[in-house]
Amino acid sequence: MLDEDQIANRLLALEPGEFHFPELYGEGWNRLYIGDKVKIGREFLNAVRKGRFPGVEDTGRKKGGGRLYVKN
């Protein structure tokens with residue numbers, strides 16, 4: 001369900017710093033069912049951990065109700 005090409009394009013426009021995945025996903029996030037949010041969020045986390053998005057890291061922290069990532 002995770003469109004890695006679309007996410008990679010959105011990452012190009014994202015300023016360096018910390019972010020939550022829903023901010024990167026965009027406005028369609030709020031229209032997803034909770035189960036789809038969990039699944040897509042997990043796919044993104046796994047892709048980040050495997051290095052599929054260079055310059056993006058999992059901080060290992062949660063803040064504001066969600067996992068924080070950082071774009072270097």
Side-chain angles (χ1 to χ4, degrees):
M1 287 180 70
L2 180 68
D3 185 340
E4 290 189 20
D5 291 333
Q6 185 179 39
I7 294 299
N9 286 334
R10 289 179 181 170
L11 278 166
L12 291 174
L14 187 68
E15 294 293 323
E18 293 184 342
F19 66 95
H20 288 98
F21 178 66
E23 298 166 14
L24 182 64
Y25 188 88
E27 82 177 59
W29 183 257
N30 290 328
R31 291 191 299 267
L32 296 174
Y33 292 107
I34 186 67
D36 291 339
K37 289 179 181 180
V38 170
K39 183 177 181 181
I40 294 169
R42 174 61 67 183
E43 289 176 5
F44 180 71
L45 173 62
N46 289 335
V48 167
R49 287 180 174 171
K50 290 178 182 177
R52 290 191 185 141
F53 301 108
V56 176
E57 298 174 18
D58 172 23
T59 65
R61 297 182 292 126
K62 290 186 177 183
K63 180 179 177 183
R67 181 173 296 277
L68 279 174
Y69 296 92
V70 64
K71 178 183 176 188
N72 300 313

Distance-only check: which donor-acceptor pairs under 3.5 Å involve side-chain atoms of residues 26-36, not counting sequence neighbours?
none

Ring pair (Phe, Tyr, Trp, His ring centres under 6.0 Å) partners for Phe19, two or more places apart: Tyr69
Connected via hydrophobic side-chain network under 4.5 Å: Leu11 and Met1: yes
Trace of the side-chain contact (heavy atoms from CB on, under 4.5 Å) decision for Phe21 with Ile40: CA-CA 9 Å; Phe21 178 66; Ile40 294 169; 3.6 Å; yes
Distance (rounded to the nearest 0.5 Å) between Arg61 CZ and Glu18 CD: 4.5 Å
Partner residues of Asn72 under the side-chain contact (heavy atoms from CB on, under 4.5 Å) criterion, sequence neighbours left out: Glu57, Val70
ILVMFWY network linking Leu2 to Val38, side-chain heavy atoms under 4.5 angstrom: no
Test log, rule side-chain contact (heavy atoms from CB on, under 4.5 Å), inputs Lys62 and Leu68: CA-CA 6 Å; Lys62 290 186 177 183; Leu68 279 174; over 6 Å; no
Can you give me every donor-acceptor pair (side chain of residues 47-54, partner residue at least two apart or in another chain, under 3.5 Å) with its distance?
residue: Arg49; atom: NH2; partner: Asp58; partner atom: OD2; Å: 3.3
residue: Arg52; atom: NH1; partner: Glu4; partner atom: OE2; Å: 3.2

Exam field: side chain Lys71 to backbone Leu14, donor-acceptor pair closer than 3.5 Å: yes
NE2 on His20 to CZ on Arg67, rounded to 0.5 Å: 10.5 Å
Which residues share a side-chain hydrogen bond (donor to acceptor under 3.5 Å, both in side chains) with Glu43, sequence neighbours left out: none
